[in-house]
Amino acid sequence: MLMFPTLNEQMDLIRSGAVEIIPEDELIKKIEVSIKKNKPLIIKLGCDPSKPDLHIGHAVVLHKMRQFQDLGHHAILIIGDFTGMIGDPTGKNVTRPHLTLEETRINGQTYLEQATMILSKDRLEVRYNSEWLGEMSFRDVIELSAKYTVAQLLERDDFNIRYKSGQPISVHELLYPLAQAMDSAAINSDVELGGTDQKFNLLVGREIQKAYGTEPQVILTMPLLEGTDGVEKMSKSYNNYIAFNDTPRDMFGKVMSIPDNMILRFFRYGARGTEKDIKEMEEQLKSDSFNPRDAKVRTAKQIVAIYHGVEAGENALAEFEKIFKNKDVPDEIEEMRLDVESQVQPLMDVLVLTSLAPSKKEAKRLIEQGGVTVDGERIGDFRAEIDLSKERLIKVGKRKFLKVSGNLIDKINGKMYQ
RNA sequence: GGGUAGGUACCGAAGCGGUUAAACGGGGCAGACUGUAAAUCUGCUGAGCUCAGCUCUACGGAGGUUCGAAUCCUUCCCUGCCCA
């Protein structure tokens, strides 16, 4: 038999880090009923499978979902395979390309794999919204859209801005919030989680649930974590993200690159810092004798540990110190063998063939700017050649390392020598 | 349906017949510096080559005028706004 923590215990944990809970008293009531009837709440989190690469910004809300699971509630992850075909309006004036159902399905699977790095697999249900949205007839859609008005939809900030500034809004984009709201009605969610940018959509869910005669969900919003630049929100398009699938080394380095004033935020929302630890770090950062770098290291280690384990966090730290403090080379460097007709190759070509540079022009620039090192020796002449008969260590910029060697092949019949 | 304003490189935005691979800003990359992959400063930022030079591709698409077009003309596509 399940035992739920007390109301206060639940609320303390649920409130921590949340921006808004609307309306909070309804949540309290729901939890009270849940404890009394010993019945878990249904917690909804929708995800957009058009972008299957999760980053730490997405993690904020997943961590919250996990807390609900730990409290004994039932998590439903909705993969928006159907809505993915529409694409959530991003506020950008470009309407995004639509994906096919198959594509969104594949992405959804990838998404799930990553999400379960944070979510528990117990008390987790995964639903695809094509299940109900795909079944709706045009009549159903009209019925649904009759329950909401254009003016209400235009209240949404990004619609509003686009409308006022004369940028296009397609009708299907307007329909998106309604589709998402339909999900809530379909699964009877008690609580829906989302980033603060989702507030509008989440609230529409309440209205639509009421319109279909079910108890409205409570919405809980989490902040949007800024990216490594500390300015824009974390997003792939700003290239300021830390992906779940980043290597420990990259993850660590990226955390180390955040501005000092972001340390606490990353610690709380990215590293899952407890209230107690956050307080402690806050005090430390206030003291002059404390080096903010140490707080960053702690945050970085903890974040790496979530995705790669504690040991990986320690190793990443060691590597980082090696590369940047001691300007040394990392322990593990990727190796690559190139098929060549001659062991002596122009360095520029090698850079392009190994994808260290995207084009020969770019390779030339890198060399001329002194960004390329072979076996520790800086090469300044873009015409330089490199002998690949033994393994060479090429370094491009501060943090790209590659061991390259040549693999002689016969041009005529493609046979390998060696 | 009528009128009108637009569509420029990764993004924003100049240019409105030649000296424009296209000002400026952001972003990105490299170098110096640093606790730091932060901040700051400097440089670079379409591609290929027999590389202080040459060639090709590029200003929504397709044609045309011209010695020469992102810039002028025709036409098509896309978008905003106003009127109906």
Side-chain angles (χ1 to χ4, degrees), chain A residues 56 89-97 159-171 173 226-243 246-267 284-285 287-301 303-304 316-330 346-349 351-353 355-373 378-385 394-401:
Chain A
I56 289 185
T90 53
K92 292 223 166 197
N93 49 5
V94 216
T95 306
R96 284 194 279 158
F159 284 149
N160 200 352
I161 290 169
R162 283 162 72 187
Y163 187 66
K164 280 190 180 148
S165 69
Q167 280 168 345
I169 303 170
S170 304
V171 175
E173 294 183 274
E226 291 78 1
T228 50
D229 55 7
V231 184
E232 300 289 353
K233 68 166 188 179
M234 188 175 287
S235 148
K236 212 172 181 182
S237 46
Y238 291 126
N239 196 24
N240 61 1
Y241 64 98
I242 303 175
D246 275 345
T247 62
R249 191 196 297 169
D250 271 351
M251 227 177 219
F252 194 94
K254 284 179 180 179
V255 177
M256 291 306 284
S257 80
I258 63 173
D260 291 357
N261 62 4
M262 294 306 298
I263 297 175
L264 276 172
R265 259 177 100 74
F266 270 70
F267 187 62
Q284 288 175 327
L285 286 168
S287 122
D288 289 337
S289 58
F290 184 78
N291 189 339
R293 182 180 181 278
D294 295 339
K296 240 189 233 187
V297 166
R298 182 175 175 188
T299 306
K301 272 204 300 201
I303 289 177
V304 173
L317 167 62
E319 291 252 300
F320 186 83
E321 306 240 298
K322 213 170 177 188
I323 301 171
F324 296 103
K325 232 176 172 173
N326 313 328
K327 298 204 191 286
D328 206 347
V329 288
L347 180 55
M348 276 205 293
D349 291 346
L351 293 181
V352 175
L353 286 170
S355 306
L356 287 168
S359 71
K360 285 199 182 181
K361 278 268 189 212
E362 189 68 37
K364 182 181 171 185
R365 265 178 235 124
L366 283 168
I367 297 170
E368 284 183 327
Q369 290 180 132
V372 180
T373 278
R378 178 155 292 172
I379 309 293
D381 179 10
F382 69 89
R383 268 167 292 219
E385 298 198 318
I394 303 182
K395 182 185 176 198
V396 175
K398 283 189 182 68
R399 52 202 159 94
K400 278 194 237 168
F401 298 88

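All figures in this text were calculated on a predicted structure; none of them were measured in a lab. Each chain gets a letter, A, B and so on, in the order its sequence line appears, and its residues count up from 1. Hydrogens, waters and symmetry mates are skipped; everything else that's a heavy atom, side chains included, is used.
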Between A:K360 and A:D349 (side chain of the first, backbone of the second, donor and acceptor by atom type, cut-off under 3.5 Å), is there such a pair? no

First encountered from the 5' end of RNA chain B, between A:T228 and A:K360: A:T228

Same-atom distance (C1') from B:U55 to B:G6, integer angstrom: 35 Å

Over how many whole Å does the gap from A:R293 atom CZ to B:U36 atom C1' extend? 7 Å

Which nucleotide, B:U36, B:G48, B:G35, lies nearest any side-chain atom of A:P292? B:G35

Could you check whether A:F159 and A:Y163 have their ring centres less than 6.0 Å apart? no

Charged N to carboxylate O under 4.0 angstrom, A:R365 versus A:E368? no

Looking only at the side chain of A:P259 (C-beta and beyond, no hydrogens), which of the listed nucleotides B:C51, B:A38, B:C81 gets closest? B:A38

Side chain of A:D260 only, please: which of B:C81, B:G48, B:U36 is the nearest? B:U36

Can you tell me the distance, in whole Å, between the CE atom of A:M262 and the P atom of B:A39? 13 Å

When you compare B:G18 with B:A13, how far apart are their P atoms, in angstrom units rounded to a whole number? 24 Å

A:F382 six-ring centre to A:K364 NZ/CZ under 6.0 Å and within 45° of normal: yes

Please report the distance, rounded to the nearest Å, between CZ in A:F382 and P in B:G53. 12 Å

If you measure from the Lys or Arg side-chain nitrogens to the Asp or Glu carboxylate oxygens, is any gap between A:E321 and A:R293 under 4.0 Å? yes

Using a heavy-atom cut-off of under 4.0 Å over every strand shown, decide if A:K361 touches base, sugar-phosphate, or nothing. base

With both distances kept under 3.5 Å, what pairs with B:C81, Watson-Crick or G-U wobble? B:G3

Expressed in angstrom and rounded to an integer, what is the separation of A:M256 atom CE from B:U34 atom C1'? 12 Å

How close or far is atom C1' of B:U36 from atom CZ of A:R298, stated in whole angstroms? 19 Å

For A:D250, answer base if it contacts any base atom (sugar-phosphate contacts may also be present), sugar-phosphate if it contacts only those atoms, and nothing otherwise; contact means non-hydrogen atoms under 4.0 Å. base

Residue whose closest nucleotide on RNA chain B lies nearer the 5' end, A:V352 versus A:K296: A:K296

Taking atom C1' in both B:C29 and B:C77, compute the distance separating them and give it to the nearest angstrom. 36 Å

A:R378 (side chain) donor-acceptor with A:G370 (main chain) under 3.5 angstrom: yes

Ignoring backbone atoms, establish whether A:K364 has a side-chain N or O less than 4.0 Å from OP1 or OP2 of B:C51. no

Pair partner, B:G63 [Watson-Crick or wobble, under 3.5 Å]: B:C73

Residue A:Y163, side-chain atoms from C-beta onward, closest of B:A47, B:U36, B:C81: B:C81

If I pick the P atom on B:A23 and the same atom on B:A47, what distance separates them, to the nearest angstrom? 15 Å

Output yes when a side-chain donor or acceptor of A:N240 lies under 3.5 Å from a complementary backbone atom of A:S235, and no otherwise. yes

Span that lies between the C1' atom of B:C41 and that of B:G60, in whole angstrom: 40 Å

A:F290 atom CZ: more than 12 heavy-atom contacts under 6.0 Å: yes

Please work out if A:M348 contacts a base, only the sugar-phosphate, or nothing of the nucleic acid, heavy-atom cut-off 4.0 Å. base

Tabulated below should be each protein N or O lying under 3.5 Å from an N or O of nucleotides 23-30 of chain B; please produce it.
| unit_1 | atom_1 | unit_2 | atom_2 | d |
| --- | --- | --- | --- | --- |
| B:A30 | O2' | A:Q369 | O | 3.2 |

